[in-house]
Amino acid sequence: MKKKVISALLCVAMVSSMLIGCGSGNTTTTEPADDAGTETEAEAPADDAAEAPADDAAASAEGGSVYYLNFKPEQADDWVALAAKYTEQTGVQVDVVTAASGTYESTLKSEIAKTEAPTLFQVNGPVGMATWKDYCYDLSGSELYKNVKSDDFVLKEGDAVTGIAYVIETYGIIYNKTIMADYLTKDYAVISDVSEINSFDQLKAVAESIQANKEDLGVEGAFTSAGMDSSSDWRFKTHLANLPIYYEFEGNGYSSVAAIEGTYLDNYKAIWDLYINNSTCAPTLLSSKTGDEAEAEFALGEAVFFQNGTWEYGNLISAGMTDDDLGMLPIFIGAEGEENQGLCTGSENYWCVNSQASEADIQATLDFLAWVITSDEGRDAMANTMGFLTPFSTFDDGYVAENALIKAADEYIAGGKTSVAWCFPTIPSETWKDGVGSALTEYAAGTGDWDAVVTAFVDGWATEYQAANN
(Lines give C-alpha, C1' and ligand atoms only; values in the text may rest on other atoms or scores of the structure.)
Protein backbone atom coordinates (compact mmCIF):
# COMPACT_ATOMS: atom_id res chain seq x y z
CA MET A 1 0.00 0.00 0.00
CA LYS A 2 1.09 3.59 -0.37
CA LYS A 3 3.88 4.51 2.01
CA LYS A 4 2.02 7.62 3.16
CA VAL A 5 -0.94 5.52 4.31
CA ILE A 6 1.32 3.32 6.42
CA SER A 7 3.10 6.38 7.77
CA ALA A 8 -0.18 8.03 8.73
CA LEU A 9 -1.38 4.91 10.49
CA LEU A 10 1.80 4.72 12.53
CA CYS A 11 1.66 8.42 13.30
CA VAL A 12 -1.88 8.21 14.63
CA ALA A 13 -0.97 5.17 16.72
CA MET A 14 1.99 6.94 18.31
CA VAL A 15 0.25 10.26 18.88
CA SER A 16 -2.72 8.54 20.48
CA SER A 17 -0.53 6.04 22.38
CA MET A 18 -2.88 3.28 21.30
CA LEU A 19 -3.71 0.99 18.42
CA ILE A 20 -6.30 -1.42 17.93
CA GLY A 21 -7.87 -3.49 13.06
CA CYS A 22 -27.49 -2.45 15.40
CA GLY A 23 -35.80 0.08 15.14
CA SER A 24 -38.18 1.22 17.68
CA GLY A 25 -37.57 2.26 21.21
CA ASN A 26 -34.12 2.89 19.83
CA THR A 27 -33.19 -0.40 18.31
CA THR A 28 -33.81 -3.58 16.47
CA THR A 29 -30.85 -5.88 16.07
CA THR A 30 -30.13 -9.15 14.38
CA GLU A 31 -28.42 -11.81 16.43
CA PRO A 32 -24.81 -10.62 16.92
CA ALA A 33 -22.06 -12.75 15.43
CA ASP A 34 -18.32 -12.14 15.20
CA ASP A 35 -17.54 -10.85 11.73
CA ALA A 36 -14.63 -8.73 10.75
CA GLY A 37 -14.84 -9.66 7.12
CA THR A 38 -16.38 -7.43 4.49
CA GLU A 39 -18.49 -8.14 1.46
CA THR A 40 -17.65 -5.98 -1.51
CA GLU A 41 -19.76 -7.42 -4.31
CA ALA A 42 -23.20 -5.90 -4.41
CA GLU A 43 -25.02 -3.90 -6.98
CA ALA A 44 -26.57 -0.73 -5.64
CA PRO A 45 -30.18 -0.03 -6.52
CA ALA A 46 -30.55 1.57 -9.91
CA ASP A 47 -32.23 4.78 -8.67
CA ASP A 48 -30.53 8.01 -9.66
CA ALA A 49 -28.73 9.66 -6.79
CA ALA A 50 -30.61 12.49 -5.13
CA GLU A 51 -28.92 15.84 -4.72
CA ALA A 52 -27.60 16.42 -1.22
CA PRO A 53 -28.46 19.62 0.62
CA ALA A 54 -26.09 22.39 -0.45
CA ASP A 55 -24.94 23.33 3.03
CA ASP A 56 -24.91 21.46 6.34
CA ALA A 57 -25.53 24.56 8.38
CA ALA A 58 -28.57 25.49 6.31
CA ALA A 59 -30.23 22.16 6.90
CA SER A 60 -32.56 21.70 9.86
CA ALA A 61 -32.71 18.62 12.06
CA GLU A 62 -36.24 19.50 13.16
CA GLY A 63 -38.36 16.39 12.71
CA GLY A 64 -35.35 14.37 11.56
CA SER A 65 -34.28 10.95 12.81
CA VAL A 66 -31.34 8.60 12.42
CA TYR A 67 -31.22 5.01 11.17
CA TYR A 68 -27.75 3.46 11.51
CA LEU A 69 -27.09 0.18 9.69
CA ASN A 70 -24.17 -1.11 11.73
CA PHE A 71 -21.55 -3.44 10.29
CA LYS A 72 -19.80 -4.65 13.45
CA PRO A 73 -21.85 -7.26 15.35
CA GLU A 74 -19.41 -7.35 18.25
CA GLN A 75 -20.43 -3.76 19.11
CA ALA A 76 -24.16 -4.14 18.39
CA ASP A 77 -25.33 -3.72 21.99
CA ASP A 78 -22.91 -0.86 22.58
CA TRP A 79 -24.38 1.16 19.71
CA VAL A 80 -27.90 0.41 20.95
CA ALA A 81 -27.05 1.79 24.38
CA LEU A 82 -25.35 4.88 22.96
CA ALA A 83 -28.26 5.59 20.63
CA ALA A 84 -30.69 5.37 23.55
CA LYS A 85 -28.58 7.82 25.53
CA TYR A 86 -28.60 10.32 22.67
CA THR A 87 -32.36 10.01 22.24
CA GLU A 88 -32.83 10.55 25.97
CA GLN A 89 -30.74 13.73 25.85
CA THR A 90 -32.02 15.23 22.61
CA GLY A 91 -35.37 13.64 21.84
CA VAL A 92 -34.07 12.66 18.39
CA GLN A 93 -34.89 9.08 17.50
CA VAL A 94 -31.82 6.96 16.66
CA ASP A 95 -32.48 3.41 15.49
CA VAL A 96 -29.63 0.93 15.11
CA VAL A 97 -29.84 -2.27 13.10
CA THR A 98 -26.91 -4.69 12.89
CA ALA A 99 -26.59 -6.89 9.84
CA ALA A 100 -26.02 -10.58 10.50
CA SER A 101 -22.56 -12.03 9.98
CA GLY A 102 -21.47 -11.95 6.35
CA THR A 103 -24.62 -10.23 5.11
CA TYR A 104 -23.86 -6.51 5.31
CA GLU A 105 -23.82 -5.74 1.59
CA SER A 106 -26.99 -7.71 0.86
CA THR A 107 -28.70 -6.15 3.87
CA LEU A 108 -27.65 -2.65 2.81
CA LYS A 109 -28.87 -3.26 -0.73
CA SER A 110 -32.25 -4.33 0.62
CA GLU A 111 -32.57 -1.56 3.23
CA ILE A 112 -31.40 1.31 1.02
CA ALA A 113 -34.27 0.63 -1.39
CA LYS A 114 -36.91 1.09 1.34
CA THR A 115 -38.80 4.27 2.10
CA GLU A 116 -37.29 4.33 5.58
CA ALA A 117 -33.73 3.68 4.40
CA PRO A 118 -30.59 3.89 6.55
CA THR A 119 -29.39 7.47 6.98
CA LEU A 120 -26.00 6.20 8.15
CA PHE A 121 -24.18 3.20 6.71
CA GLN A 122 -20.64 2.15 5.91
CA VAL A 123 -18.42 0.95 3.10
CA ASN A 124 -15.22 -1.06 3.33
CA GLY A 125 -12.99 1.19 1.22
CA PRO A 126 -12.52 2.21 -2.42
CA VAL A 127 -14.14 -0.96 -3.81
CA GLY A 128 -17.22 -0.51 -1.63
CA MET A 129 -17.34 3.19 -2.43
CA ALA A 130 -17.44 2.40 -6.14
CA THR A 131 -20.77 0.65 -5.51
CA TRP A 132 -22.34 3.20 -3.18
CA LYS A 133 -20.89 6.58 -4.21
CA ASP A 134 -24.23 7.84 -5.54
CA TYR A 135 -25.69 7.42 -2.04
CA CYS A 136 -22.90 9.23 -0.18
CA TYR A 137 -23.43 12.76 1.08
CA ASP A 138 -20.47 15.15 0.86
CA LEU A 139 -19.06 15.32 4.40
CA SER A 140 -16.49 18.03 3.65
CA GLY A 141 -18.43 20.59 5.71
CA SER A 142 -19.19 18.27 8.62
CA GLU A 143 -17.91 18.26 12.19
CA LEU A 144 -16.73 14.71 11.49
CA TYR A 145 -14.37 15.82 8.72
CA LYS A 146 -13.28 18.90 10.65
CA ASN A 147 -11.87 16.64 13.38
CA VAL A 148 -10.33 13.81 11.33
CA LYS A 149 -6.55 13.85 11.67
CA SER A 150 -5.61 13.07 8.10
CA ASP A 151 -7.13 12.61 4.67
CA ASP A 152 -5.49 9.18 4.71
CA PHE A 153 -8.58 8.13 6.69
CA VAL A 154 -10.99 9.64 4.16
CA LEU A 155 -12.59 8.45 0.92
CA LYS A 156 -13.11 11.05 -1.79
CA GLU A 157 -14.83 11.43 -5.13
CA GLY A 158 -13.14 14.46 -6.64
CA ASP A 159 -13.33 17.16 -3.98
CA ALA A 160 -16.28 15.52 -2.20
CA VAL A 161 -15.62 13.63 1.05
CA THR A 162 -17.82 10.56 0.67
CA GLY A 163 -16.65 8.40 3.57
CA ILE A 164 -14.68 8.79 6.81
CA ALA A 165 -13.07 5.95 8.76
CA TYR A 166 -14.20 5.78 12.38
CA VAL A 167 -11.96 3.02 13.74
CA ILE A 168 -8.41 1.86 13.14
CA GLU A 169 -7.85 -1.78 14.06
CA THR A 170 -5.01 -4.25 14.36
CA TYR A 171 -4.87 -8.00 13.98
CA GLY A 172 -2.27 -10.72 14.27
CA ILE A 173 -1.83 -13.92 16.26
CA ILE A 174 -3.18 -13.41 19.77
CA TYR A 175 -1.42 -15.71 22.23
CA ASN A 176 -2.00 -16.86 25.79
CA LYS A 177 0.87 -15.40 27.80
CA THR A 178 0.14 -17.57 30.81
CA ILE A 179 0.44 -20.82 28.86
CA MET A 180 3.47 -19.50 26.99
CA ALA A 181 5.17 -18.71 30.29
CA ASP A 182 4.61 -22.33 31.34
CA TYR A 183 5.93 -23.58 27.99
CA LEU A 184 9.13 -21.57 28.38
CA THR A 185 9.98 -23.49 31.58
CA LYS A 186 9.93 -26.84 29.76
CA ASP A 187 12.98 -28.75 28.57
CA TYR A 188 11.35 -29.13 25.14
CA ALA A 189 10.87 -25.37 24.66
CA VAL A 190 12.68 -24.21 21.52
CA ILE A 191 12.93 -20.56 22.63
CA SER A 192 13.75 -18.87 25.91
CA ASP A 193 11.60 -15.77 25.35
CA VAL A 194 8.57 -14.90 23.21
CA SER A 195 10.50 -12.04 21.63
CA GLU A 196 12.51 -14.67 19.74
CA ILE A 197 9.44 -15.41 17.59
CA ASN A 198 10.28 -12.99 14.79
CA SER A 199 9.96 -15.18 11.69
CA PHE A 200 7.86 -17.94 10.22
CA ASP A 201 10.55 -20.52 10.99
CA GLN A 202 10.54 -19.58 14.66
CA LEU A 203 6.73 -19.54 14.83
CA LYS A 204 6.62 -22.96 13.17
CA ALA A 205 9.21 -24.44 15.54
CA VAL A 206 7.31 -23.18 18.60
CA ALA A 207 3.88 -24.26 17.33
CA GLU A 208 5.05 -27.76 16.40
CA SER A 209 6.81 -28.08 19.77
CA ILE A 210 3.61 -27.12 21.59
CA GLN A 211 1.55 -29.50 19.46
CA ALA A 212 3.92 -32.39 20.16
CA ASN A 213 3.69 -31.74 23.91
CA LYS A 214 0.07 -30.61 24.17
CA GLU A 215 -0.87 -33.14 26.83
CA ASP A 216 1.91 -32.00 29.13
CA LEU A 217 0.85 -28.38 28.62
CA GLY A 218 -2.83 -29.22 29.10
CA VAL A 219 -3.97 -27.86 25.75
CA GLU A 220 -5.83 -29.34 22.79
CA GLY A 221 -3.59 -27.76 20.17
CA ALA A 222 -1.19 -24.95 19.42
CA PHE A 223 -3.76 -23.04 17.32
CA THR A 224 -7.50 -22.67 17.70
CA SER A 225 -9.61 -24.29 15.00
CA ALA A 226 -9.38 -22.45 11.68
CA GLY A 227 -13.14 -22.54 11.21
CA MET A 228 -14.38 -22.09 7.68
CA ASP A 229 -18.06 -21.52 8.29
CA SER A 230 -19.34 -18.01 7.50
CA SER A 231 -18.74 -16.69 11.04
CA SER A 232 -15.03 -17.50 10.86
CA ASP A 233 -13.79 -17.93 7.29
CA TRP A 234 -13.14 -14.19 6.86
CA ARG A 235 -10.11 -14.65 9.11
CA PHE A 236 -8.40 -16.70 6.41
CA LYS A 237 -9.91 -15.82 3.02
CA THR A 238 -9.56 -12.11 3.84
CA HIS A 239 -7.28 -11.33 6.79
CA LEU A 240 -4.74 -14.10 6.24
CA ALA A 241 -4.91 -13.56 2.47
CA ASN A 242 -3.87 -9.96 3.13
CA LEU A 243 -0.29 -11.08 3.85
CA PRO A 244 0.57 -12.45 0.38
CA ILE A 245 -1.29 -9.51 -1.18
CA TYR A 246 0.61 -7.00 0.97
CA TYR A 247 4.04 -8.41 0.19
CA GLU A 248 3.30 -8.56 -3.53
CA PHE A 249 2.02 -4.99 -3.52
CA GLU A 250 5.08 -3.82 -1.58
CA GLY A 251 7.46 -5.66 -3.88
CA ASN A 252 5.91 -4.15 -7.00
CA GLY A 253 5.23 -0.69 -5.62
CA TYR A 254 1.51 -0.57 -6.31
CA SER A 255 -1.62 -0.14 -4.22
CA SER A 256 -4.13 -1.99 -6.40
CA VAL A 257 -3.92 -4.25 -9.41
CA ALA A 258 -6.12 -5.73 -12.12
CA ALA A 259 -4.31 -9.09 -12.08
CA ILE A 260 -2.37 -10.44 -9.13
CA GLU A 261 0.66 -12.65 -9.75
CA GLY A 262 0.47 -14.84 -6.64
CA THR A 263 4.16 -14.39 -5.84
CA TYR A 264 3.70 -15.28 -2.18
CA LEU A 265 1.17 -18.09 -2.44
CA ASP A 266 3.72 -20.70 -1.35
CA ASN A 267 4.06 -18.62 1.81
CA TYR A 268 0.27 -18.54 2.14
CA LYS A 269 0.27 -22.34 1.92
CA ALA A 270 2.97 -22.60 4.58
CA ILE A 271 1.07 -20.58 7.18
CA TRP A 272 -2.22 -22.28 6.34
CA ASP A 273 -0.58 -25.71 6.73
CA LEU A 274 0.85 -24.61 10.06
CA TYR A 275 -2.59 -23.53 11.30
CA ILE A 276 -4.52 -26.62 10.25
CA ASN A 277 -1.90 -29.23 11.19
CA ASN A 278 -1.23 -27.88 14.69
CA SER A 279 -4.78 -27.23 15.80
CA THR A 280 -7.39 -28.27 18.32
CA CYS A 281 -9.15 -30.36 15.67
CA ALA A 282 -8.50 -32.38 12.53
CA PRO A 283 -8.39 -30.39 9.26
CA THR A 284 -11.33 -32.41 7.94
CA LEU A 285 -13.61 -30.79 10.55
CA LEU A 286 -12.91 -27.17 9.64
CA SER A 287 -15.80 -26.67 7.24
CA SER A 288 -18.29 -26.58 10.12
CA LYS A 289 -16.18 -24.95 12.81
CA THR A 290 -17.37 -21.50 13.89
CA GLY A 291 -15.83 -18.29 15.11
CA ASP A 292 -17.47 -18.76 18.50
CA GLU A 293 -15.83 -22.16 18.86
CA ALA A 294 -12.38 -20.75 18.12
CA GLU A 295 -12.94 -17.93 20.60
CA ALA A 296 -14.07 -20.39 23.28
CA GLU A 297 -11.10 -22.69 22.67
CA PHE A 298 -8.75 -19.79 23.25
CA ALA A 299 -10.57 -18.31 26.23
CA LEU A 300 -10.72 -21.71 27.94
CA GLY A 301 -6.99 -22.27 27.50
CA GLU A 302 -7.40 -25.12 25.02
CA ALA A 303 -5.12 -23.39 22.48
CA VAL A 304 -2.15 -21.06 22.71
CA PHE A 305 -2.57 -19.12 19.44
CA PHE A 306 -5.66 -17.44 17.97
CA GLN A 307 -5.55 -15.40 14.76
CA ASN A 308 -7.78 -12.41 15.40
CA GLY A 309 -7.73 -8.71 16.22
CA THR A 310 -8.11 -6.00 18.79
CA TRP A 311 -11.90 -6.13 18.40
CA GLU A 312 -11.79 -9.49 20.25
CA TYR A 313 -10.52 -7.94 23.47
CA GLY A 314 -13.91 -7.35 25.08
CA ASN A 315 -15.14 -10.84 24.29
CA LEU A 316 -12.03 -12.47 25.74
CA ILE A 317 -12.20 -10.39 28.93
CA SER A 318 -15.90 -11.19 29.29
CA ALA A 319 -15.00 -14.86 28.95
CA GLY A 320 -12.73 -14.63 32.00
CA MET A 321 -9.32 -13.76 30.59
CA THR A 322 -7.25 -10.85 31.92
CA ASP A 323 -4.76 -8.43 30.42
CA ASP A 324 -1.98 -10.55 31.90
CA ASP A 325 -3.14 -13.48 29.72
CA LEU A 326 -3.05 -11.63 26.40
CA GLY A 327 -0.30 -10.85 23.91
CA MET A 328 -0.18 -10.56 20.13
CA LEU A 329 2.37 -11.62 17.51
CA PRO A 330 2.64 -10.68 13.83
CA ILE A 331 1.47 -13.21 11.25
CA PHE A 332 4.74 -14.42 9.80
CA ILE A 333 4.69 -16.15 6.40
CA GLY A 334 8.37 -16.46 5.60
CA ALA A 335 8.74 -13.28 3.52
CA GLU A 336 12.14 -11.66 3.24
CA GLY A 337 12.70 -9.03 5.91
CA GLU A 338 9.77 -10.14 8.06
CA GLU A 339 11.87 -9.82 11.21
CA ASN A 340 11.08 -6.10 10.89
CA GLN A 341 7.35 -6.73 10.41
CA GLY A 342 4.76 -5.52 12.87
CA LEU A 343 1.06 -6.22 13.18
CA CYS A 344 -1.62 -5.71 10.51
CA THR A 345 -3.11 -2.24 10.95
CA GLY A 346 -5.78 -0.39 9.01
CA SER A 347 -9.49 0.23 8.56
CA GLU A 348 -12.31 -1.04 6.40
CA ASN A 349 -14.99 0.84 8.30
CA TYR A 350 -15.97 4.15 6.68
CA TRP A 351 -19.07 6.03 7.74
CA CYS A 352 -21.27 7.34 4.93
CA VAL A 353 -24.40 9.51 5.23
CA ASN A 354 -27.22 8.69 2.82
CA SER A 355 -27.51 11.60 0.37
CA GLN A 356 -30.99 10.44 -0.65
CA ALA A 357 -32.40 10.79 2.85
CA SER A 358 -34.51 13.84 3.68
CA GLU A 359 -32.77 17.10 4.52
CA ALA A 360 -33.93 16.80 8.13
CA ASP A 361 -32.69 13.21 8.46
CA ILE A 362 -29.32 14.09 6.96
CA GLN A 363 -28.88 16.92 9.45
CA ALA A 364 -30.04 14.71 12.33
CA THR A 365 -27.45 12.12 11.30
CA LEU A 366 -24.66 14.71 11.07
CA ASP A 367 -25.63 16.03 14.50
CA PHE A 368 -25.56 12.52 15.96
CA LEU A 369 -22.10 11.80 14.54
CA ALA A 370 -20.80 15.12 15.85
CA TRP A 371 -22.11 14.20 19.31
CA VAL A 372 -20.51 10.74 19.12
CA ILE A 373 -17.02 12.14 18.51
CA THR A 374 -17.19 15.21 20.76
CA SER A 375 -19.39 14.41 23.78
CA ASP A 376 -18.04 12.70 26.89
CA GLU A 377 -20.65 9.97 26.50
CA GLY A 378 -19.82 9.27 22.86
CA ARG A 379 -16.07 9.34 23.26
CA ASP A 380 -16.17 7.16 26.37
CA ALA A 381 -18.36 4.60 24.61
CA MET A 382 -16.12 4.40 21.54
CA ALA A 383 -12.79 4.44 23.38
CA ASN A 384 -13.53 2.51 26.56
CA THR A 385 -16.64 0.43 25.89
CA MET A 386 -16.03 -0.46 22.23
CA GLY A 387 -12.25 -0.22 22.58
CA PHE A 388 -11.79 1.75 19.35
CA LEU A 389 -8.77 3.67 18.19
CA THR A 390 -10.30 6.48 16.16
CA PRO A 391 -8.68 8.90 13.69
CA PHE A 392 -10.36 11.91 15.36
CA SER A 393 -8.41 14.57 17.23
CA THR A 394 -11.24 14.90 19.76
CA PHE A 395 -10.16 11.63 21.38
CA ASP A 396 -6.61 12.75 22.21
CA ASP A 397 -7.59 14.37 25.49
CA GLY A 398 -8.48 11.68 28.01
CA TYR A 399 -10.20 9.14 25.75
CA VAL A 400 -7.49 6.64 24.96
CA ALA A 401 -8.49 3.00 25.26
CA GLU A 402 -6.01 0.82 27.09
CA ASN A 403 -5.89 -2.95 26.95
CA ALA A 404 -3.31 -5.66 26.47
CA LEU A 405 -3.81 -6.03 22.71
CA ILE A 406 -3.49 -2.29 22.10
CA LYS A 407 -0.36 -2.22 24.25
CA ALA A 408 1.11 -5.11 22.24
CA ALA A 409 0.54 -3.14 19.05
CA ASP A 410 2.13 -0.06 20.61
CA GLU A 411 5.20 -2.05 21.54
CA TYR A 412 5.79 -3.07 17.92
CA ILE A 413 5.43 0.56 16.84
CA ALA A 414 7.82 1.73 19.56
CA GLY A 415 10.27 -0.97 18.51
CA GLY A 416 10.43 0.43 15.00
CA LYS A 417 8.54 -2.42 13.33
CA THR A 418 6.68 -1.74 10.09
CA SER A 419 2.94 -2.29 10.32
CA VAL A 420 1.38 -4.41 7.58
CA ALA A 421 -1.16 -2.30 5.67
CA TRP A 422 -4.68 -3.56 5.08
CA CYS A 423 -4.64 -4.30 1.36
CA PHE A 424 -7.71 -6.52 1.34
CA PRO A 425 -10.16 -3.65 0.72
CA THR A 426 -8.74 -3.76 -2.83
CA ILE A 427 -9.99 -7.34 -3.28
CA PRO A 428 -12.27 -7.10 -6.32
CA SER A 429 -15.35 -8.88 -4.93
CA GLU A 430 -16.88 -11.10 -2.29
CA THR A 431 -17.09 -13.81 -4.96
CA TRP A 432 -13.28 -13.83 -5.05
CA LYS A 433 -13.13 -14.34 -1.29
CA ASP A 434 -15.70 -17.13 -1.45
CA GLY A 435 -13.71 -18.89 -4.17
CA VAL A 436 -10.52 -18.75 -2.15
CA GLY A 437 -12.36 -19.83 1.00
CA SER A 438 -13.92 -22.84 -0.71
CA ALA A 439 -10.56 -23.89 -2.13
CA LEU A 440 -8.88 -23.55 1.28
CA THR A 441 -11.62 -25.67 2.88
CA GLU A 442 -11.35 -28.41 0.27
CA TYR A 443 -7.57 -28.44 0.55
CA ALA A 444 -7.80 -28.81 4.35
CA ALA A 445 -10.34 -31.61 3.99
CA GLY A 446 -8.18 -33.47 1.48
CA THR A 447 -10.78 -33.22 -1.26
CA GLY A 448 -8.89 -30.56 -3.21
CA ASP A 449 -5.30 -29.62 -3.91
CA TRP A 450 -3.35 -26.41 -3.48
CA ASP A 451 -3.44 -25.70 -7.20
CA ALA A 452 -7.14 -24.96 -6.79
CA VAL A 453 -6.30 -22.31 -4.20
CA VAL A 454 -3.79 -20.75 -6.59
CA THR A 455 -6.36 -20.75 -9.39
CA ALA A 456 -9.02 -19.16 -7.17
CA PHE A 457 -6.52 -16.56 -5.96
CA VAL A 458 -4.91 -15.57 -9.27
CA ASP A 459 -7.43 -16.36 -12.00
CA GLY A 460 -10.33 -15.46 -9.74
CA TRP A 461 -8.84 -12.03 -9.07
CA ALA A 462 -8.47 -11.22 -12.77
CA THR A 463 -11.98 -12.43 -13.56
CA GLU A 464 -13.65 -10.55 -10.72
CA TYR A 465 -11.66 -7.38 -11.33
CA GLN A 466 -12.69 -7.39 -14.97
CA ALA A 467 -16.33 -8.00 -14.04
CA ALA A 468 -16.28 -5.16 -11.49
CA ASN A 469 -14.56 -2.74 -13.86
CA ASN A 470 -16.20 -3.78 -17.12
Side-chain angles (χ1 to χ4, degrees), residues 22-30 35 38-56 58-73 75-76 79-80 82-84 86-87 90-125 127-139 141-142 144 155 157 160-164 166 348-372 430:
C22 317
S24 149
N26 275 106
T27 308
T28 304
T29 66
T30 59
D35 180 18
T38 299
E39 295 183 84
T40 59
E41 182 183 46
E43 210 175 292
D47 306 10
D48 291 333
E51 282 190 26
D55 185 84
D56 285 352
S60 171
E62 184 178 352
S65 61
V66 181
Y67 168 12
Y68 179 27
L69 184 60
N70 173 43
F71 168 73
K72 296 176 72 62
Q75 275 83 38
W79 280 113
V80 169
L82 189 59
Y86 183 75
T87 297
T90 66
V92 176
Q93 182 70 21
V94 179
D95 295 324
V96 183
V97 173
T98 298
S101 175
T103 69
Y104 191 82
E105 283 288 332
S106 58
T107 302
L108 177 56
K109 182 179 179 182
S110 172
E111 292 297 299
I112 208 80
K114 295 180 178 179
T115 302
E116 299 297 327
T119 65
L120 177 63
F121 62 95
Q122 64 188 73
V123 299
N124 75 312
V127 174
M129 182 56 68
T131 297
W132 295 104
K133 61 184 179 180
D134 290 340
Y135 290 80
C136 296
Y137 177 79
D138 182 3
L139 298 169
S142 68
L144 206 63
L155 297 176
E157 287 289 322
V161 175
T162 50
I164 298 177
Y166 64 89
E348 59 170 352
N349 299 280
Y350 292 82
W351 274 330
C352 302
V353 174
N354 186 358
S355 62
Q356 298 197 25
S358 71
E359 185 173 314
D361 286 351
I362 288 174
Q363 189 60 43
T365 303
L366 294 171
D367 290 345
F368 172 65
L369 291 176
W371 178 84
V372 167
E430 186 69 14

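Note that the structure is predicted; figures quoted are calculated from it, not measured.
Considering OG of S142 and CH2 of W351, their distance stands at 10.5 Å, rounded to 0.5 Å. Expressed to the nearest 0.5 Å, how far CG of L144 lies from OH of Y166 amounts to 11.5 Å. Remark: E157 CD to D138 CG distance equals 11.0 Å, nearest 0.5 Å. Remark: D361 CG to Q363 CD distance equals 11.0 Å, nearest 0.5 Å. Atoms CG and CG, on N124 and L155 in that order, are 9.0 Å from each other to the nearest 0.5 Å.
Looking at every heavy atom in both residues, A83 comes nearest to V96 through CB-CG2, 3.7 Å. The shortest heavy-atom contact between P118 and E111 is CD-O, 3.5 Å. Nearest heavy atom pair, residue A364 against residue G64, reads CB-C, 3.8 Å. C352 approaches V123 most closely through the heavy-atom pair SG-CG2, 3.8 Å. Contact detail for N349 and Q122: the closest heavy-atom pair is OD1-NE2, 2.8 Å.
Residues F121 and C136 meet the side-chain proximity criterion, which asks for heavy atoms closer than 4.5 Å. Considering only heavy atoms from C-beta on, W371 comes within 4.5 Å of L82 through its side chain.
Panel note: side chain N354, backbone L120; no donor-acceptor pair is recorded below 3.5 Å. A donor-acceptor pair under 3.5 Å is absent between the side-chain atoms of T119 and the main chain of V66, judged by distance alone. Without hydrogens or angle criteria, S110 side chain to S106 main chain gives no donor-acceptor distance under 3.5 Å. Between the side chain of T103 and the backbone N or O of A99, no donor-acceptor pair lies under 3.5 Å.
Within 6.0 Å of CD in E116 there are 12 or fewer heavy atoms belonging to other residues, nucleotides or ligands.
Taking the six-membered ring where tryptophan is involved, the planes of Y135 and W132 are perpendicular, since the angle between them exceeds 60° and thus also 30°. Classified by interplanar angle (parallel below 30°, tilted 30° to 60°, perpendicular above 60°), the ring pair F71/Y104 is perpendicular.
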(request) Begin with the C-alpha distance, continue with both residues' side-chain angles, and end with the deciding distance and a verdict on side chain to side chain contact (heavy atoms under 4.5 Å, CB included) for T107 and L69. (result) CA-CA 9 Å; T107 302; L69 184 60; 4.0 Å; yes

(message) Quick one, L139 with L369, criterion side chain to side chain contact (heavy atoms under 4.5 Å, CB included). Give me CA distance, side-chain angles, the key distance, then yes/no.
(response) CA-CA 11 Å; L139 298 169; L369 291 176; 5.6 Å; no

